[in-house]
Amino acid sequence: ISDTAASSEAQPGVGHFGGIHGDEAPSCVVLMAVADSLLRGYATVSRISDLVDAAEIWIIPTINPDGYLLNSRVGFQGTDLNRVWPNGYTGATDTQPDEWEAAALWTFIHANDIAVASSTHNGTHGIFYPWSANVADPSDLASLGALCDAFAAASWESREAKAKSSSMGIATGTLGDWYLRNGGGLL
């Protein structure tokens with residue numbers, strides 16, 4: 001989604017990715033609604049026009065189409081696509097993941113100058129910040145907490161606003177951790 005979709009501009013890319021777990025269908029629907037809101041509001045809502053004019057916005061509602069069709073967390077090959085990303089914790093470097101869906105997204109992110117991204121999930125009432133494989137708190141914990149609090153205040157009446165990803169159990173190889181380790185920002 002861009003003010004000049006037919007041509008590439010020197011603007012930052014914003015990526016919104018959903019459906020990395022196939023059994024999280026609402027994440028796909030939410031991103032389709034975001035796309036619809038951006039497209040319908042472009043000519044009439046100044047905040048939306050400003051966003052679209054300032055960036056190239058990429059929305060991929062379903063990263064895991066096999067899992068979506070099977071209503072399964074994992075893809076057709078039985079792999080959790082949110083655990084295959086090189087994260088640097090175990091000496092891995094920025095190498096392309098083996099699974100075709102993750103490899104396609106890896107290539108897409110590199111080819112489209114994605115400066116900031118979000119990976120949309122569902123199934124919990126929380127906002128999880130990155131660095132899930134690192135047990136220690138990140139150095140910008142206060143900033144992440146404030147961002148999570150502000151988002152939660154705008155989204156829910158009263159919910160626990162923030163939780164570190166590892167509070168649900170340490171997960172290595174996540175898209176969010178890989179993206180941050182390789183110079184991107186995370187929404």
Side-chain angles (χ1 to χ4, degrees), residues 1-69 73 75-76 79-87 94-123 127-132 144 147-148 150-151 154-155 165 173-187:
I1 298 173
S2 172
D3 59 335
T4 58
S7 62
S8 182
E9 296 181 288
Q11 295 177 324
V14 177
H16 296 288
F17 312 123
I20 199 164
H21 295 134
D23 60 352
E24 296 180 359
S27 70
C28 308
V29 174
V30 165
L31 290 182
M32 293 301 292
V34 168
D36 184 65
S37 294
L38 292 173
L39 294 170
R40 289 179 188 271
Y42 178 70
T44 59
V45 181
S46 62
R47 287 182 66 186
I48 291 176
S49 299
D50 292 345
L51 287 170
V52 172
D53 290 347
E56 292 190 359
I57 301 169
W58 300 93
I59 296 175
I60 301 177
T62 307
I63 297 169
N64 183 358
D66 292 334
Y68 182 82
L69 288 173
R73 178 180 179 90
F76 182 73
T79 304
D80 184 338
L81 299 178
N82 201 34
R83 300 294 184 271
V84 299
W85 296 85
N87 59 31
D94 187 25
T95 55
Q96 189 176 40
D98 291 333
E99 289 69 14
W100 72 268
E101 304 95 335
L105 183 59
W106 184 93
T107 300
F108 178 84
I109 288 170
H110 284 289
N112 289 289
D113 192 28
I114 304 296
V116 64
S118 69
S119 176
T120 306
H121 297 261
N122 64 275
I127 301 163
F128 299 96
Y129 54 86
W131 305 117
S132 56
L144 287 169
L147 181 63
C148 291
F151 184 82
S155 303
S165 294
T174 66
L175 172 58
D177 284 354
W178 168 80
Y179 192 71
L180 285 172
R181 284 219 179 261
N182 289 283
L186 203 61
L187 289 176

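These numbers come from the heavy atoms of this one structure, side chains and all, not from hydrogens, waters or symmetry mates. It should be emphasised that the depicted structure is a prediction, and the values quoted were computed from it without experimental measurement. Residues take their numbers from the sequence shown, with the count starting at 1.
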J.: Could you tell me whether the side chain of Glu101 and the main chain of Pro65 form a donor-acceptor pair under 3.5 Å?
T.: no

J.: Which heavy-atom pair separates Gly19 from Cys28 by the least distance, and what is that distance?
T.: CA-SG, 3.8 Å

J.: Could you go through Leu105 and Ile109, starting from their C-alpha distance and side-chain angles, then the distance that decides it, and tell me whether this counts as side chain to side chain contact (heavy atoms under 4.5 Å, CB included)?
T.: CA-CA 6 Å; Leu105 183 59; Ile109 288 170; 3.9 Å; yes

J.: Tell me every residue that passes side chain to side chain contact (heavy atoms under 4.5 Å, CB included) with Ala35, counting only those two or more places apart in sequence or in another chain.
T.: Ile1, Ile59

J.: For Ala54 and Pro12, work out which heavy atoms get closest and say how close.
T.: O-CD, 3.6 Å

J.: How long is the span from the CD atom in Glu56 to the CG atom in Asp113, to the nearest 0.5 Å?
T.: 8.5 Å

J.: With rounding to the nearest 0.5 Å, note down the distance linking CD in Glu24 to OG1 in Thr120.
T.: 10.0 Å

J.: What do the steps show when you test Ser118 against His16 for side chain to side chain donor-acceptor pair (under 3.5 Å), and what is the final call?
T.: CA-CA 5 Å; Ser118 69; His16 296 288; 2.7 Å; yes

J.: Using the test side chain to side chain donor-acceptor pair (under 3.5 Å), find all partners of Asp50 that sit at least two apart in sequence or belong to another chain.
T.: none

J.: First locate atom CG of Asn82, then atom OG of Ser119, and finally report the distance between them rounded to the nearest 0.5 Å.
T.: 5.5 Å

J.: Taking it one step at a time, do Val116 and Val14 satisfy side chain to side chain contact (heavy atoms under 4.5 Å, CB included)?
T.: CA-CA 5 Å; Val116 64; Val14 177; 3.8 Å; yes

J.: For Ser49 versus Gly41, what's the shortest heavy-atom pair and its separation?
T.: OG-O, 4.3 Å

J.: Can you tell me how far CG of Asn112 sits from OG1 of Thr107, rounded to the nearest 0.5 angstrom?
T.: 10.5 Å

J.: What's the shortest heavy-atom distance between Ile48 and Leu38, and which atoms?
T.: CG2-O, 3.5 Å

J.: Of the non-hydrogen atoms in Gln11 and Asp3, which two are nearest, and what is the gap between them?
T.: OE1-OD1, 4.1 Å

J.: Taking atom CG of Asp53 and atom OG1 of Thr4, what is their separation to the nearest 0.5 Å?
T.: 9.0 Å

J.: According to the ring-ring contact (aromatic ring centres under 6.0 Å, His included) rule, which pairs have a member within residues 24-68, sequence neighbours left out?
T.: Trp58-Phe108

J.: Restricting to non-hydrogen atoms, name the atom on Ala102 and the atom on Val84 that form the minimum distance, rounded to 0.1 Å.
T.: CB-CG2, 3.7 Å

J.: Working to the nearest 0.5 angstrom, can you tell me the gap between His21 NE2 and Leu81 CG?
T.: 7.5 Å

